[in-house]
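Quick notes on the structure that follows.
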There are 4 protein chains.
Amino acid sequence: MSLAESRTQQDCPVRGRPRSEAVERAIVEGVMKLIEDGVPLADLSIERIARTAGVGKATIYRRWNNKEDLFVDVMRATEPPDPELPGTSMREDLVVLLESLRRRGLASRSSAILHNVYAQMKSSPKIWAAYHATVIAPRRRLGLEVLRRGQLNGEVREDVDVELMNDILVGPMLVRSVLRPDAKLEEGLAEKIVDTVMEGLRPVSS
Amino acid sequence: MSLAESRTQQDCPVRGRPRSEAVERAIVEGVMKLIEDGVPLADLSIERIARTAGVGKATIYRRWNNKEDLFVDVMRATEPPDPELPGTSMREDLVVLLESLRRRGLASRSSAILHNVYAQMKSSPKIWAAYHATVIAPRRRLGLEVLRRGQLNGEVREDVDVELMNDILVGPMLVRSVLRPDAKLEEGLAEKIVDTVMEGLRPVSS
Amino acid sequence: MSLAESRTQQDCPVRGRPRSEAVERAIVEGVMKLIEDGVPLADLSIERIARTAGVGKATIYRRWNNKEDLFVDVMRATEPPDPELPGTSMREDLVVLLESLRRRGLASRSSAILHNVYAQMKSSPKIWAAYHATVIAPRRRLGLEVLRRGQLNGEVREDVDVELMNDILVGPMLVRSVLRPDAKLEEGLAEKIVDTVMEGLRPVSS
Amino acid sequence: MSLAESRTQQDCPVRGRPRSEAVERAIVEGVMKLIEDGVPLADLSIERIARTAGVGKATIYRRWNNKEDLFVDVMRATEPPDPELPGTSMREDLVVLLESLRRRGLASRSSAILHNVYAQMKSSPKIWAAYHATVIAPRRRLGLEVLRRGQLNGEVREDVDVELMNDILVGPMLVRSVLRPDAKLEEGLAEKIVDTVMEGLRPVSS
DNA sequence: GCATAAACGAGACGGTACGTCGCGTCTTAGA
DNA sequence: TCTAAGACGCGACGTACCGTCTCGTTTATGC
């Protein structure tokens, strides 16, 4: 199921009163407001969402089949755009990619919007898959392409699987931003990871 | 809160009928059985758990304040023990550590016991913290010590933060086993990661 | 609180789906059926009533605040109508009034519907008051009027409080039908009471 | 079941620790205290009684099979003794009997101890029967004897069933004291009832 | 402009689970 | 053997949401 299809669609020859976009916005923004106000995700019942948005329950169910589908749209509304790659060198591109991960990690921790929705999503495999397909996978593909270009340019070893290399580069950042809530994501971390990984841990043979 | 305190404790001078250990086992094993049978975690109500274990609801609430505290104990009961480090060399120790992560990833995926509980835990920060403190942190500390020893032995660079090095080594394995449900965890992956990270990605200057 | 208000009211400008009268009937009749089947009143939990009526618990709580309010409506549904007074003479009117009491006593004992609910109500003062106000008091007022008319007609002594006379007439019948479950309520009892009370217990001075 | 058997008996050759009478008193008096403090009877769980009396639940169950049996003993502890009949004349005896009913009615209304237990008992047929057999029936028998003596003495008509006469005399007082919580039980009511009933309601033929 | 048909708020409806409380039984340690 | 304490299986309590279903009302469009 693609993310785009998460909302229930109304088919072509529209008859009767059309769905109100204002209502749609009210719902999504209502959810955001509640999360921002510190309401635990577990307390976010459809009934409560409807109440806060001043909307009937059926109006929500008409658009999303379940709470998780709704959360996907909420998350999509707050997801930062893909980073622009400078293309000057592989190293620069990798730094930009990792820096975008770092920023998202910081954002998702400070704003609490993403932090909670993110956590919730991991517990529902179906939605996690959707999120993975539309948000994670494209960036991963981006990283793989950058590395493949680096192999052609001779900027990186050719005898190592690009997938492995990608995980070695991206892994540390993801672990810190997703799995370790208290980890520091200091400025310059992206460069530090890229350079350390490129150089290796073996002591410089002097 | 330490994991050991997740269960509600009865204090020292025990009065009245003591709590039955058999009941305790029945509950935890009942939960495992349900998860193994493919019951979605969201469908695991306290009521159902009590029903399967042939136990009153109050008996569960007497021991755990909420579902999550119960899951911590379930998880603890399935967590494999800490790996034994050979101590022959830093490289060997690192490989053993990563291999233990790989095995846990495989187990948690095949048995589905950990897979679900793990996912569920990530959505409840309090419990995640408890799990982190008792399961994640000790292993992390183990890794840091191994690396520090390596620095003293000259097996690894001294000018790099051991925390960063640890994340670079552990990150790829964790990303594959936790965040990417479909990733392959092929045999020999531990060695491959350790060696690649040690060597670095820079092309061999011939 | 009048009996009519025992049900929770929804106020005038009705919004949303209206309450189903069929459901209301199903509940009240379900309770009757259970009592008729000999279920002890103490075993009549709201949960069981809901189960028999094929109804959600909330649907019951939406209409009645507690079990007792529900019982008032059950009782009201089985209460026989006020008797028609012939008006030919005070004696005839009194006999009709007492006869109606006798019949109710027989009914409440045979059908067991009223008998149980009746007993239960006496233990809850609030509900007893409501029942008293709508069922007992009107009939009592009827009796008092009949006696007052009798005083004007010269059919009965003028130097005795009508309330006392009423209790002397009604008391024996009530005692037998309400307080003494095994008492006999033989045919002709009404006339016998009226005539005996009218005549007095003093031996006929011949 | 006679009232005397309401308490579970321990048979003759007593072995082991004997039951503490102090405990027995503590329980019964604890119940009275709770009722006097205005605790609704419905809130008087065995668990709460045990708590207030500082007693284990089993200790209560060892003595009474259920809550109602306990209430019978509580009631028995507050029941006033049978009245002494002067025997000077039937009228005097009847007045004394009714006066004792009047006083009990006043007591049970003012003290609230009996009032509640009384109401509760009526809702449980088994206990009501026990109460009836030990408290009501003896007094009734007393009244019937008095009337029979009156018939022999010529103080009362011989052509009327004594049971009927008794109900006509006792009925008004019972109705006012038991069934009508707000009725007045003024001084001198006993004499008034006896004299009015004896005289009859027929106007004095001048 | 007027009928049509879907959207909309409100809230009733049969369910399921919540977390608590009391039931009557049982199992301890201690008197 | 009794006692206080309290665990135990059970089941009802009254509440909250679930997702579905009427209601009366509103609002675009196509006839």
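So that the names make sense, note that chain A is the first sequence line, chain B the second, and so on, each numbered from 1.
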Find the distance I46(A):CD1 to dG19(F):C1' and express it as a whole number of Å. 10 Å

Taking side chain as C-beta onward, heavy atoms only, is M32(B) less than 4.5 Å from V28(B)? yes

Look at all strands and tell whether R62(C) reaches a base, only sugar-phosphate, or nothing, counting heavy atoms closer than 4.0 Å. base

So, is R63(C) near the phosphate of dC13(E), with a side-chain N or O under 4.0 Å from OP1 or OP2? yes

Whole angstrom value for the distance that separates P of dA16(F) from CZ of R48(A): 12 Å

S45(B) side chain, from C-beta outward: closest of dC18(E), dA4(F), dG19(E): dC18(E)

N or O in side chain of T59(A) less than 4.0 angstrom from dG9(E) OP1/OP2: yes

Should K67(A) be listed as having a side-chain N or O under 4.0 Å from OP1 or OP2 of dC18(F)? yes

If you compare every side-chain N and O of R17(A) against the phosphate oxygens of dT29(F) (OP1, OP2), does one of them come in below 4.0 Å? no

Does the side chain of V31(C) come within less than 4.5 Å of F71(C)'s, by heavy atoms? yes

Please determine, for the side chain of S20(D), which listed nucleotide (dG24(E), dT3(F), dC13(F)) has the closest atom? dT3(F)

Between K57(A) and K57(D), name the one whose nearest nucleotide on DNA chain E is closer to the 5' end. K57(A)

For the side chain of Y61(C), starting at C-beta, report the closest nucleotide among dG9(E), dT15(F), dG14(E). dT15(F)

Flag side-chain contact, heavy atom, 4.5 Å: R19(A) against T59(A): no

To the nearest angstrom, the CD1-P distance between I60(A) and dC21(F) comes to 18 Å

Under 4.0 Å between a side-chain N or O of R51(C) and OP1 or OP2 of dA12(F)? yes

Could you check whether any side-chain N or O of N66(D) sits under 3.5 Å from a backbone N or O of E68(D), counting only pairs where one atom can act as donor and the other as acceptor? yes

